[in-house]
Every structure is written in structure tokens, then in C-alpha cells.
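In what follows, a single structure is set out as C-alpha cells and then discussed.
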Amino acid sequence: MSTNDSKLFKQRLQRIHVSTGITFSLLMYIAVFFGVFAIMLPYIQVWEKPSRHFQAADITKINYSAMIDPVISDPDYPRNNIIITLPGFRNDPTLKISHRFMEPSVFDPRSELKLDHEGERSKLAKFLNGMHYGRPLENIGYTIFGFMAVAVMFLIIGGLILVNTLKYKNKGKNQQSKFSKYHRKIFTWVFPPFIIITLTGALMCIGYTGSGPMTYIASKGETHVIQKITNPILLPKDVEIQKKNDTVKMLPISELIKKAQEINPDVTLEKLILINWKDSSARVKLEGYNPYYPFLNGIYNSPTLTLNAVNGNIISNVKVMDRHWNVLVSDATYFLHLLFGVDIFTRLFIALIMLSSCFAIGAGVMLWLEKKAKKYEGKIPFYHWMGKLSLTIMIGVIPATALLFNLQWLLPMNLEDRVIWQQGAFFNMWLLTLLWSFYRINSYQAAKEFLFLGGVLFLSAPVIHGVVMKLTPLDLYQGNMNIILNVDIALFIFACLLLFVSFKLPKNREEAKLFWNKKTTKAQL
């Protein structure tokens with residue numbers, strides 16, 4: 001390639017990078033911003049429900065019969081394939097008894113009392129997670145966010161080519177140079193995990209919406225439902241065990257759990273499946289997660305141990321590496337995005353990467369806006385709407401999200417259409433920030449106000465939570481409710497950070513120029 005051709009290629013690649021980036025930047029920001037909350041999903045879904053505000057019990061010291069027997073005493077309740085979700089599964093301290101054809105029953109395993117399960121009345125964590133991939137728009141949202149993820153893949157690859165081929169200056173004294181530097185540097189540092197998360201996200205969204213036609217072709221017109229093809233491999237059905245239609249005494253489930261822990265000490269037990277319970281053919285299938293094989297289990301692949309419920313003899317013992325390679329590949333793919341089974345420190349690390357990516361996306365948009373402002377200075381700012389929309393999407397979403405956390409405790413749990421009221425208030429608040437962005441001509445001032453309001457609302461969320469639940473941080477600490485306490489602390493820290501930034505942010509464009517020049521002067525000195 002000649003010098004002129006190389007130069008032309010770089011120029012075109014840069015223009016495509018800019019146009020594609022500004023087109024998908026706001027959607028990308030929404031996905032990444034709510035992705036931070038999606039990473040903390042296991043903790044938020046415990047914090048949001050009053051019925052989960054107690055210490056988790058030791059699974060080997062629970063009287064399971066005291067809770068199971070009253071549930072299955074109903075003659076209409078099936079005695080086969082009863083699912084017992086153990087305390088601690090995804091940080092939930094409750095014990096859940098469920099069946100595919102029956103409503104789940106939730107218990108406090110310490111008091112053995114049945115709880116008022118919030119169920120459909122509390123969906124804060126689920127809503128935040130759904131916003132991450134466009135769930136409110138259903139299939140249309142999945143498709144849009146899927147193609148956005150593909151565009152981000154192109155932006156990452158193209159950006160790396162540009163960084164390695166063009167000689168960018170990192171010592172510029174104006175705002176454009178600073179925004180360009182932060183945009184490039186941050187994405188250069190975080191691109192390895194970011195590209196993996198984006199790739200798997202694109203695969204999940206587009207794979208979900210595009211599975212129908214592909215399944216129809218692969219099955220030669222027999223079906224368009226992909227589960228009919230994948231489930232026999234990913235989730236094979238167990239061979240049905242014939243009942244002997246008698247009634248015998250079962251071994252205590254706590255003893256069966258202890259036996260399973262002795263056989264597979266590396267597996268963290270999460271669920272039990274009671275097969276033909278109370279019959280002499282009864283079995284208990286114990287499922288769990290092996291943290292020593294991350295990426296390879298936790299979603300479709302779960303190590304299982306099946307025991308005879310009468311005498312405790314081993315019937316089968318399926319380990320992580322015993323499954324088909326297709327199952328291992330599927331788990332590895334989904335694990336890289338969903339992070340099932342990882343600890344809090346890994347989640348915090350990924351969340352920090354996502355927050356850094358939010359800042360990098362914002363820097364890229366600000367770079368584009370600054371260039372337009374300089375080019376069309378003194379003329380009609382046709383790009384003005386983009387600046388206001390960006391302000392709303394990137395900063396206005398913060399107080400709207402904070403309002404969700406406040407309404408979680410301000411709205412009564414028994415309020416009719418509670419979820420609609422809560423989510424409706426979120427979208428109305430977000431829309432209100434758009435109107436305020438246009439009303440407040442000075443975007444810097446509007447950003448300061450949004451950040452301050454978001455900080456105040458996030459700061460009030462743990463306070464309202466404590467008042468409504470009549471729990472102080474000391475009560476949570478002494479009660480070993482560390483997950484709930486940690487969410488309150490995280491909201492408090494995030495609020496303080498927002499308030500700090502709102503005070504430090506320049507008040508107007510002229511002050512912003514002085515701010516960046518001052519930073520540059522200090523760095524040079």
C-alpha cells in the first residue's frame with residue numbers, strides 16, 4: 001500500500017469511527033451504565049425485598065421436613081420433581097419450595113415460617129438488569145442492543161488500529177485534546193475484558209432474536225423454537241423413575257446434604273430435586289456449583305449427585321467435566337458475560353471497568369461536541385439537540401435511577417400496580433431531565449444540578465431503607481446481614497462521589513477552559 005493510500009485509509013477509518021461512535025454512543029452508554037447495576041444484581045435483589053432481611057442459615061442444620069411436609073400435604077401437590085432452592089443460592093437467605101406447575105412457597109429456614117413473598121410486586125433488580133439489554137422493548141430492544149454491540153466491536157477494533165497507526169498528541173492544552181486523551185487511554189486499558197463482554201452480549205442478544213430462522217433452517221422446517229434442539233443436549237431430561245406406590249420414611253435431608261458434601265467437598269450445593277418423595281423409589285438429586293472450574297459450570301452445566309432418599313446410597317455422580325463439550329462451550333460463553341458464581345471482588349473489578357467505560361464514552365461524545373462547537377462558533381448550532389440529548393441520557397439517567405431506589409421503600413409493597421408506578425416514575429423523571437436540559441440553556445449548570453440531585457437521592461435511599469425497615473447499620477452488621485449493609489454503603493459512597501463531582505464541575509464553558517488549562521499547567525510544572 002502506497003503512502004497516499006495508507007493516509008486515505010486512516011482518514012476514512014477515523015471518519016467511520018467517529019460517525020459510528022456518535023450514532024451508537026448513547027445506546028452504548030445505556031447498556032454500560034445499567035450493566036454496572038446488572039453486575040450487582042445478586043445483591044440488589046436481596047436488598048430490595050423486606051422478606052430477605054435476615055441472616056442465612058447453615059444448610060446442614062435446617063429442619064427441612066417442618067417446611068416441606070405442610071406444602072406437600074396438599075393432595076393436589078405433585079410428589080415428583082419438587083425443587084428445593086437452598087439458602088445462599090445467589091445470596092438469597094430464604095428456602096424456596098417450588099414445582100413447575102405450582103406457585104413457589106418461601107420460608108425463613110431459621111424460624112420455619114412461611115414468608116409473604118413479594119414476587120411480582122418487587123422488580124427493581126430485574127428492571128435495572130433489563131434496561132442493560134433493552135428488555136422494556138422486548139424483541140425490538142434485544143435486536144437494537146445486539147446490533148449496537150456489533151457496532152461497538154467494530155469501534156473497538158477500528159480504535160485500536162487508529163491508536164497504533166496515528167500519532168496522537170497527549171500533551172494538548174485544550175478541552176478537545178483532554179477528551180481525546182481520556183477516550184483513547186481508558187479504552188486502551190480496558191479493551192481486553194470490554195471486548196469479551198461486548199462480544200458475548202452481541203451473541204446473546206442477536207442470537208436470541210435471530211435463533212428462529214436459523215433453527216427453522218437447521219431443523220429443515222420442523223420448528224423455529226431453538227430450545228427444542230438445544231435442550232436435549234444442554235438440559236437433558238432424567239429417565240423417569242417408576243413409583244412403587246408405597247409410603248416409607250425418608251432420610252433427613254440435612255443428612256443427605258452432609259453425605260453429599262463428604263462425597264463432593266468442592267461443590268457448593270444450591271438446589272435439591274426430590275423425586276418420588278415419600279415413596280420407596282425416592283431419590284434426591286443435589287445440584288451445585290464448583291468454583292474450582294469457573295467458566296465451565298454454573299449455567300447449563302451443574303455438577304449433580306443423586307442419592308437414594310431411603311438409605312443414602314449413591315446412584316449417580318456427574319462432575320463438571322463429565323458433560324458434553326457443547327455444554328462446556330455454552331457455559332463458558334455465557335459465564336463471560338453473566339458472571340455466575342464469581343465473588344464480590346471480581347464483580348467490583350468488572351463494575352469499575354464498566355464505570356471507566358462510561359467515562360470514556362462520555363469523553364468521546366464531549367470531544368465530538370467540542371469540535372462542532374468550535375467549527376460552527378457564531379452560527380446556528382444544529383448539533384445543539386445532540387448535546388442536550390447526550391446530557392439527558394448520560395447525566396439525567398442518574399437522578400432517575402436514584403429515584404427508583406427511593407421508591408422501592410417509599411411505595412407500599414401491597415400497592416396495586418406497584419411496579420408500574422415505580423417504573424413509570426423512573427421514565428417520567430428521565431423525560432423531565434430532557435425538558436430541563438433544554439430549559440436550562442447552560443448545559444454545565446444543568447449537569448451540576450443533575451449530579452447534585454442524583455447524589456441527594458442516592459444518599460437518601462439507604463436512609464429511607466433504614467427508617468422503613470427500622471434497621472440501623474449496626475443492626476445489619478450485628479445480624480450478619482452483610483449483603484444488605486454493603487448495598488447501603490455502596491449507595492452512600494456513590495452518592496458522595498456524585499456530590500463531589502457536582503461541586504467540582506465547571507459552571508460554564510469559559511470556566512471549563514480555565515479548568516483544563518489549569519490542569520495542563522500543573523502537569524507541565
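Just so we're clear, the structure is a prediction, and the values are computed from it rather than from any experiment.
- Using a 4.5 Å cut-off on side-chain heavy atoms (C-beta onward), L411 and Q422 make contact.
- The backbone N or O of I241 sits less than 3.5 Å from a side-chain atom of N276, completing a donor-acceptor pair.
- In summary, the aromatic rings of W277 and H99 are positioned with their centroids too far apart to meet the 6.0 Å limit.
- Here the closest heavy-atom approach between residue S25 and residue I361 is recorded as O-CG2, 3.7 Å.
- Formation of a donor-acceptor pair under 3.5 Å by the H132 side chain with backbone atoms of A31 is found in this model.
- No more than 12 heavy-atom neighbours from other residues, nucleotides or ligands sit within 6.0 angstrom of OH on Y477.
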Q) Between F33 and M394, is a side chain to side chain contact (heavy atoms under 4.5 Å, CB included) present by the stated rule, with each step listed? A) CA-CA 8 Å; F33 176 80; M394 295 184 174; over 6 Å; no
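- Shown here is F427, whose CZ atom has more than 12 heavy atoms of other residues, nucleotides or ligands within 6.0 Å.
- Side-chain contact of N245 with D279: a donor-acceptor pair under 3.5 Å is absent, judged by distance alone.
- With a 4.5 Å cut-off on side-chain heavy atoms, R90 and Q45 count as touching.
- Shortest non-hydrogen contact noted between S98 and Y77 is C-OH, 3.7 Å.
- Put simply, the side chain of D246 gets close to the backbone of S280: a donor and an acceptor are under 3.5 Å apart.
- Between L269 and E287 there is no side-chain heavy-atom pair separated by less than 4.5 Å.
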Check against side chain to side chain contact (heavy atoms under 4.5 Å, CB included), N313 and L307 = CA-CA 5 Å; N313 292 338; L307 301 176; over 6 Å; no
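- Remark: the backbone N or O of L113 is not paired with any side-chain donor or acceptor of D108 at under 3.5 angstrom.
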Kindly indicate, with the supporting measurements, whether the criterion salt bridge (Lys or Arg N to Asp or Glu O under 4.0 Å) is fulfilled by R52 and D92. CA-CA 7 Å; R52 270 58 173 177; D92 192 335; 3.2 Å; yes
Give the C-alpha distance, both sets of side-chain angles, the deciding distance and a yes or no for ring-ring contact (aromatic ring centres under 6.0 Å, His included) between F295 and F335.
-> CA-CA 5 Å; F295 303 95; F335 182 93; 4.8 Å; yes
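- Between V190 and S357, the closest side-chain pair of non-hydrogen atoms falls below 4.5 Å.
- Rounding to the nearest 0.5 Å places CD of E240 at 10.5 Å from CD1 of I275.
- Counting heavy atoms from C-beta outward, P412 and R418 have side chains that stay 4.5 Å or more apart.
- For the pair I157/I161, a side-chain contact is recorded, criterion being any heavy-atom separation below 4.5 Å from C-beta on.
- The 12-atom threshold is exceeded at CZ of F54, counting heavy atoms of other residues, nucleotides or ligands nearer than 6.0 Å.
- A distance of 6.0 Å separates CG of L272 from CD1 of I253, quoted to the nearest 0.5 Å.
- Without hydrogens or angle criteria, D331 side chain to G298 main chain gives a donor-acceptor distance under 3.5 Å.
- More than 12 heavy atoms of other residues, nucleotides or ligands lie within 6.0 Å of CG in L137, so this atom counts as buried by the packing criterion.
- One N or O on the side chain of T143 and one on the backbone of N139 form a donor-acceptor pair closer than 3.5 Å.
- Between C358 and V32, the closest heavy-atom pair is SG-CG1, 3.4 Å.
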Practice item. For side chain to side chain contact (heavy atoms under 4.5 Å, CB included), just list the numbers for I484 and Y43, CA-CA rounded to whole Å, side-chain angles, deciding distance to a tenth of an Å, and then say yes or no. Key: CA-CA 7 Å; I484 299 169; Y43 312 108; over 6 Å; no
Check the pair D417, R121 against salt bridge (Lys or Arg N to Asp or Glu O under 4.0 Å), reporting the backbone distance first and the verdict last. CA-CA 8 Å; D417 297 325; R121 293 171 292 163; over 6 Å; no
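- A side-chain donor from one of W47 and D488 sits under 3.5 Å from a side-chain acceptor of the other.
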Side chain to side chain contact (heavy atoms under 4.5 Å, CB included) for N264 and N290? Distances and angles first, verdict last. CA-CA 9 Å; N264 292 328; N290 191 335; over 6 Å; no
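- To the nearest 0.5 Å, atoms CG (L256) and CG (N308) are separated by 9.0 Å.
- Inter-residue side-chain proximity for S330 and L234 is flagged as met; some heavy-atom pair is nearer than 4.5 Å.
- Closest heavy-atom contact between T392 and W430: O-NE1, 3.0 Å.
- Residue K271 places its NZ atom among 12 or fewer non-hydrogen atoms of other residues, nucleotides or ligands, all under 6.0 Å distant.
- Side chain to side chain, S122 and Q408 meet the donor-acceptor criterion of an N or O pair below 3.5 Å.
- Enclosure of atom NZ in K319 is not indicated, since only 12 or fewer non-hydrogen atoms of other residues, nucleotides or ligands lie within 6.0 angstrom.
- Screening T20, T198, V150 for a side-chain contact (heavy atoms from CB on, under 4.5 Å) with L155, the sole residue that qualifies is T20.
- D238 has no carboxylate O lying under 4.0 Å from a charged side-chain N of R283, or vice versa, which leaves the two without a salt bridge.
- Atom CZ of F340 has more than 12 neighbouring heavy atoms from other residues, nucleotides or ligands inside a 6.0 Å radius.
- With a 4.5 Å cut-off on side-chain heavy atoms, N297 and P303 count as touching.
- A distance of 13.5 Å separates CE in M28 from CD1 in I393, rounded to the nearest 0.5 Å.
- Using cut-offs of 30° and 60° for the angle between ring planes, the F426 and F127 rings count as perpendicular.
- Within 6.0 Å of CD in E138 there are 12 or fewer heavy atoms belonging to other residues, nucleotides or ligands.
- Side-chain atoms of E48 come within 3.5 Å of backbone N or O of L124 as a donor-acceptor pair.
- Between L457 and N406, the shortest heavy-atom contact is O-ND2, 2.8 Å.
- P109 and P87 get closest at one heavy-atom pair: CG-CG, 3.8 Å.
- R347 places a side-chain N or O within 3.5 Å of a backbone atom of I39 that can act as its donor or acceptor partner.
- The backbone N or O of I59 lies less than 3.5 Å from a partner atom in the side chain of Y64, making a donor-acceptor pair.
- The CE atom of M429 sits 10.5 Å away from atom CG of L404, with the distance rounded to the nearest 0.5 Å.
- Here the side chain of E112 pairs no donor or acceptor atom with the backbone of F107 at under 3.5 angstrom.
- The CE atom of M67 sits 12.5 Å away from atom CD1 of I72, with the distance rounded to the nearest 0.5 Å.
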